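Here the structure is laid out as structure tokens; the discussion comes afterwards.
Order of the sequence lines sets the chain letters (A, B, ...), proteins ahead of strands, with each chain counted from 1. Bear in mind the structure is a predicted one, so any value in this text is a computation, not a measurement.
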Amino acid sequence: SSQRFREAMAVAQHHDAVSGTEKQHVAYDYAMRLHAGAVECQEVVSHALAGKMKKGSVEPPAAQFCAYLNVSICPTTEENDHFSVTVYNPLARQVTGHYLRLPVNGQSYTVTAPNGKPVKTQMLKVTQQTAKVRGPRGNATSELVFPVTVEALGYSTYLISRATRTTRSLFMPQAETNVISMAIPQSPRM
Amino acid sequence: REDIEIHNEHLSLIFDTTTGHLKTVTNLKNKLILNVQQAFYWYNSSTGNNQDSTQRSGAYIFRPNGTEPFPIHTKGSVITKVVTGALVQEVHQVFSDWVTQVIRLYDGQLHAELEWTVGPIPFKDSLGKEIITRFDSDMQTDKKFYTDSNGREILERELNHRLTWKLNQTEPVAGNYYPVNSRIFIKDNSRQLTVLTDRSQGGASLKDGSLELMVHRRMFYDDNFGVGEALNETGVFGEGLVARGKHYLMLESPADSSQLHRNLGEQLYMAPAVSFTPNTFSTQDWS
């Protein structure tokens, strides 16, 4: 059953799909097939990671994916105070300094690296501009930004917990965010 | 009242106090300075009746009806917000109510990230529009620019020229556009401006030191090449599509650029896959 994405990609080799010269309803069909294939691939990745992350007989919960991170929407990170992020690196070399931006609703969070050390984070407000999308909107108020390091062809898991008043002060290296707001210029068309 | 400046240990970006546009990029390590003006523009699509001399723009055809695009800007500065912090700094710009951009510098990264959001493209004026982002710099590029054809092979392009046949240029804009599958760059003796993309786009360098990429299109006529309908995707809510994407800007010496943009290109193309699981374990239990 995990051929769906492969088949969708095969169908999309038509130059219409590549260059966007298909009729609109065909464009929707390409998108639907690719999406169905992508969802199936996520299940494959989830099973592969679960296999790797199994601790003895303990199966980790199934991994969830967020397709709208680019518009600050991710139900898992918005609705859970405690969650883990697993980052898989498909490159054959270590990746350092790759930043994650996770939509959240808390004020501050502790992020713990695989080696148990706290990771420096920065919180930024989600603005209308960054979340400008119509349709299913998340309700994140902020984005939690932090760097990750992942080995070649490997994965790293970071634990994120919403900070309570005590944890916040004890060990939460959070970078300050300063915001300078300008008056929004009024264009005649606005 | 001063120019706004953000920097990390590699790059410094300065924004003009009057327009709010990006105006100087400095590579702090190699002391390379690029004077640049980055902004968004729109070409007015051709209409007509698809006979040769009046070929319309459409899904197949990019054929602006003029060589100069129209600037998209508001009165005064386009900057609405500046965010500074130890890990990431951002400059938020609003060029119009349908074109916004966030320029980011992450700590430790060699490139600047330009996240553009364009659309829905206005349609009440019945004018088809092709939206570009354009970098106009002080480089002497001698009519040459470089695009990749498949993420690996970089091809040298020359304005109004074809390598293997004598070109009679009749489309000064469209005739100089090439596919940009992951990156486009211009260079002079000491500097190279490379812009990597997160998707395949079209791009060109129509003036010395200039580099442009098309980010969105919307037209209202069929170009009669077979699709049978206009490239006018109205989206779920009928207003038109909002497109969002990223460009990654590097300013390095030509000698350093080759290796650096290939590294970044690979990292973008094979970006880490991120997945989430609700977690009830404490840190100790989990570890």
Side-chain angles (χ1 to χ4, degrees), chain A residues 20-24 27 45-46 49 60-66 70-71 74 76-77 80 82-91 95 97-100 112 116 120-122 124 127 129-130 132-135 145-148 150 159 175-182 184-187 189-190, chain B residues 4 20 59-60 73-88 90 92 94 96-97 100 102 106-109 115 117 122 200 225-229 231-233 235-237 239 242 244-246 266-267 270-284 286-287:
Chain A
T21 48
E22 70 277 32
K23 285 186 184 301
Q24 190 53 57
V45 170
S46 175
L49 284 175
Q64 294 161 21
F65 294 83
C66 291
N70 65 328
V71 286
C74 178
T76 311
T77 59
N80 288 280
H82 305 280
F83 55 91
S84 67
V85 177
T86 296
V87 187
Y88 171 74
N89 170 25
L91 282 176
V95 166
H98 180 80
Y99 282 83
L100 295 188
T112 309
K120 195 171 192 179
T121 66
Q122 185 172 336
L124 288 95
T127 62
Q129 205 170 323
T130 50
K132 182 180 173 187
V133 69
R134 303 244 347 232
V145 177
F146 60 95
V148 296
V150 196
L159 296 185
E176 284 305 309
T177 296
N178 303 305
V179 177
I180 304 167
S181 285
M182 316 291 187
I184 291 202
Q186 290 303 310
S187 84
R189 292 175 43 75
M190 270 192 180
Chain B
I4 286 173
Y60 279 91
H73 59 83
T74 58
K75 270 189 266 155
S77 171
V78 295
I79 291 180
T80 57
K81 188 165 84 165
V82 177
V83 175
T84 58
L87 295 182
V88 64
E90 301 185 345
H92 293 232
V94 175
S96 80
D97 53 4
T100 61
V102 180
Y106 284 99
D107 182 43
Q109 289 190 346
E115 182 177 57
T117 303
S200 293
F225 266 71
V227 68
E229 58 187 39
L231 190 68
N232 177 23
E233 190 164 350
V236 173
F237 296 97
E239 296 167 356
V242 177
R244 171 171 284 180
K246 289 181 180 175
E266 253 188 17
Q267 202 156 313
M270 296 180 78
V274 180
S275 60
F276 307 92
T277 48
N279 170 38
T280 53
F281 291 131
S282 71
T283 306
Q284 280 69 28
W286 192 92
S287 53

Practice problem: Please state whether the side chain, the backbone, both or neither of B/E233 comes within less than 4.5 Å of a heavy atom of chain A. | Solution: both

Exercise. Would you check if the side chain of A/Q122 reaches a backbone N or O of B/V88 as a donor-acceptor pair within less than 3.5 Å?
Key: yes

Quiz item: Can you say whether the rings of B/F276 and A/F83 are parallel (under 30°), tilted (30 to 60°) or perpendicular (over 60°)?
Solution: perpendicular

Quiz item: Among A/T76, A/N80, A/V85, which has the most heavy-atom pairs under 4.5 Å with chain B?
Solution: A/V85

Quiz item: Under 4.5 Å between any side-chain heavy atoms of B/S275 and A/L49, yes or no?
Solution: yes

Self-check item: Contact leader toward chain B among A/Q64, A/H82, A/H98, where contacts are heavy-atom pairs under 4.5 Å
Solution: A/Q64

Practice problem: List the atom of B/P272, the atom of A/P90, and the distance in Å for their closest heavy-atom pair. | Solution: CA-CD, 4.1 Å

Quiz item: With no hydrogens and no angle check, do the side chains of B/T277 and A/S84 hold a donor and an acceptor under 3.5 Å apart?
Solution: yes

Quiz prompt | Per-residue contact mode, B/D107 against chain A (heavy atom under 4.5 angstrom) | solution = both

Self-check item: Part of A/A62 lying under 4.5 Å from any heavy atom of chain B
Solution: backbone

Quiz item: Under a 4.5 Å heavy-atom cut-off, does chain B meet the side chain of A/E22, its backbone, both or neither?
Solution: backbone

Quiz item: Hey, does A/V150 have a side-chain heavy atom less than 4.5 Å from the side chain of A/Y88?
Solution: no

Quiz item: In terms of heavy-atom pairs under 4.5 Å, which option from A/S46, A/A63, A/G20 contacts chain B the most?
Solution: A/A63

